[in-house]
*Asks:* 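Here it is: the structure, laid out below.
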Amino acid sequence: KQNIGVQAQNSGAAQITNAGTINVSGTNAVGENIVAEAGHTAKITNTASSKIIVEETSANTATRNYGIYAEGRGTGKADVVVDGTLTLKGDNVIGAHARGNSAMDVNSNMTTVFDAKNQIAYYIHGGSATANVAALANNTDITTENSTLFRAEAGGTINAASLNVTASGKNAVILASNGKDANANKASTITVNNGTFNLTGNGATVALVSGGATGNLKGTATVADSAT
């Protein structure tokens, strides 16, 4: 059984806002669940004061905990606005996830904190799933082993404005783009316009592109690699 903190399902024009703190713990748990079935819409907006903390007590990756899970099914459209602070404290947890026909907007003052290993902060899955990331005002440091900041999978699309990211964790990945949506014949794509990327962790990577996916660094991309 999945445990859910806040759910917006087929909520239409209802204004659902999180300005407080959501703690996700246990296993197979979701802080915010946004579901839009065919012909419906659903949306949750997180404000600058919101805090989502994702922990995990199980090593089973089939029942990962999620801070945010947005899914649009068929013609349904799920939207989420991500702001405030997202803290990943458990192994294998996922911070914010969009799949199906869904859109995620990551606001400029968003703060992302890593604190465990094998974590994904923003995970976009499927040919109709997109994330639009504003120019982030706060430097993000991927401090944990085998963790990823942005991942596009199975045709997902991530468009990011200016980024300033440090990858200090062992084998940390800033951008991961993998595979394609076979039904839509659409490759996963990550595009970043202007970025400063500091690699200080052993084996850290700016962009990992595989399975016919694409990754684009446009404008000015500065990479400093001081890893040992």
Side-chain angles (χ1 to χ4, degrees), residues 1-37 40-73 76-100 102-125 129-134 136-138 140-144 147-151 158:
K1 181 180 178 180
Q2 189 175 61
N3 300 300
I4 297 171
V6 178
Q7 177 155 301
Q9 182 169 356
N10 304 333
S11 53
Q15 300 292 318
I16 303 174
T17 300
N18 171 37
T21 299
I22 296 175
N23 291 287
V24 182
S25 59
T27 188
N28 200 25
V30 177
E32 295 177 353
N33 196 42
I34 304 104
V35 179
E37 297 172 308
H40 297 275
T41 61
K43 181 177 181 178
I44 289 180
T45 299
N46 292 278
T47 71
S49 64
S50 67
K51 297 178 181 179
I52 298 178
I53 302 162
V54 191
E55 300 183 66
E56 174 66 76
T57 59
S58 172
N60 185 356
T61 57
T63 55
R64 294 176 187 259
N65 283 356
Y66 294 80
I68 298 169
Y69 192 107
E71 181 179 12
R73 300 172 182 170
K77 180 66 183 302
D79 294 285
V80 62
V81 176
V82 185
D83 206 340
T85 302
L86 178 63
T87 302
L88 310 180
K89 296 194 70 173
D91 291 353
N92 306 309
V93 301
I94 295 176
H97 178 50
R99 68 187 299 119
S102 59
M104 179 187 301
D105 290 328
V106 181
N107 285 349
S108 61
N109 288 319
M110 186 68 203
T111 298
T112 308
V113 179
F114 291 83
D115 183 14
K117 61 183 180 179
N118 302 323
Q119 303 169 318
I120 303 173
Y122 304 95
Y123 180 27
I124 312 303
H125 185 283
T130 62
N132 296 302
V133 184
L136 297 180
N138 301 309
T140 301
D141 188 355
I142 310 168
T143 58
T144 61
S147 293
T148 302
L149 181 59
F150 295 108
R151 182 174 184 86
I158 299 174

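Every value quoted in this text rests on a predicted model; they were computed, and no experiment measured them. Residues: numbered from 1 along the sequence shown.
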*Asks:* Are the side chains of Val82 and Ile52 in touch, meaning some heavy atoms are under 4.5 Å apart?
*Replies:* no
*Asks:* So which of Thr45, Asp83, Asn46, Thr47 actually passes side-chain hydrogen bond (donor to acceptor under 3.5 Å, both in side chains) with Asn18?
*Replies:* Asn46
*Asks:* Enter the distance from Ile53:CD1 to Asn23:CG here, rounded to the nearest 0.5 Å.
*Replies:*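 Going from CD1 on Ile53 over to CG on Asn23, the span is 4.5 Å.
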*Asks:* Report all side-chain donor-acceptor pairs from residues 110-118 shorter than 3.5 Å, counting only partners two or more places apart or in another chain.
*Replies:*
| from | atom 1 | to | atom 2 | distance (Å) |
| --- | --- | --- | --- | --- |
| Thr111 | OG1 | Asn138 | ND2 | 3.1 |
| Thr112 | OG1 | Tyr122 | OH | 2.7 |
| Asn118 | OD1 | Asn146 | ND2 | 3.4 |

*Asks:* Which distance, rounded to the nearest 0.5 Å, do you find between the OG1 of Thr144 and the CG of Asp141?
*Replies:*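 Reported to 0.5 Å precision, the distance equals 9.0 Å.
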*Asks:* Measure the OG1-CG distance between Thr85 and Asn109 for me, rounded to the nearest 0.5 Å.
*Replies:*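 Answer rounded to 0.5 Å: 10.0 Å.
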*Asks:* CD1 of Ile142 to CD1 of Ile120: how many Å apart, nearest 0.5 Å?
*Replies:*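 Answer for the CD1-CD1 pair, Ile142 versus Ile120, is 11.5 Å.
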*Asks:* Please name the pair of heavy atoms, one in Ala134 and one in Asn107, separated by the smallest distance, quoted to 0.1 Å.
*Replies:*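 Where Ala134 meets Asn107 most closely, the heavy atoms are CB-C, 4.1 Å.
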*Asks:* Do Thr87 and Lys51 have side chains that get closer than 4.5 Å, going by heavy atoms?
*Replies:* no
*Asks:* Do other residues, nucleotides or ligands put more than 12 heavy atoms under 6.0 Å from Lys89 NZ?
*Replies:*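 No, because the 6.0 Å sphere around NZ of Lys89 holds 12 heavy atoms or fewer from other groups.
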*Asks:* Of all the heavy-atom pairs spanning Ser102 and Ala98, show the shortest one and how long it is.
*Replies:*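 For Ser102 and Ala98, the tightest heavy-atom pair comes out as OG-CB, 3.3 Å.
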*Asks:* Looking at residues at least two apart in the chain, or sitting in another chain, which of them share a side-chain hydrogen bond (donor to acceptor under 3.5 Å, both in side chains) with Glu56?
*Replies:*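 Result, side-chain hydrogen bond (donor to acceptor under 3.5 Å, both in side chains) vs Glu56: Thr27.
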*Asks:* Quick one: are Thr41 and Asp79 in side-chain contact, heavy atoms under 4.5 Å?
*Replies:* no
*Asks:* Say whether, by atom type as modelled, one donor and one acceptor occur between the side chain of Arg99 and the main chain of His125 under 3.5 angstrom.
*Replies:*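 No: the side chain of Arg99 does not pair with the backbone of His125.
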*Asks:* Write down the atom of Val80, the atom of Ala70, and the distance for their closest heavy-atom approach.
*Replies:*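 Answer, listing the atom of Val80 first, then Ala70: CG1-CB, 4.2 Å.
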*Asks:* Kindly give the heavy-atom pair with the smallest separation between Ala42 and Ala8, and that separation in Å.
*Replies:* CB-O, 3.6 Å
*Asks:* Considering residues at least two apart in sequence or located in another chain, which fulfil the salt bridge (Lys or Arg N to Asp or Glu O under 4.0 Å) criterion with Arg151?
*Replies:* Glu153
*Asks:* Side-chain contact, heavy-atom cut-off 4.5 Å: Gln9 with Glu37?
*Replies:*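 Yes, at least one pair of side-chain atoms sits under 4.5 Å.
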*Asks:* Is there a side-chain contact between Glu71 and Asn33 in this structure, where contact means two heavy atoms from C-beta onward sitting under 4.5 Å apart?
*Replies:*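 A side-chain contact under 4.5 Å is absent here.
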*Asks:* On the 0 to 90° scale, with breaks at 30° and 60°, tag the His97-Tyr66 ring pair as parallel, tilted or perpendicular.
*Replies:* tilted
*Asks:* Quick check for you: to the nearest 0.5 Å, what is the distance between Asn28 atom CG and Asn65 atom CG?
*Replies:* 7.5 Å
*Asks:* What closest approach, in Å, do Gln119 and Gly90 show between heavy atoms, and which atom pair accounts for it?
*Replies:*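 Looks like NE2-O, 3.0 Å.
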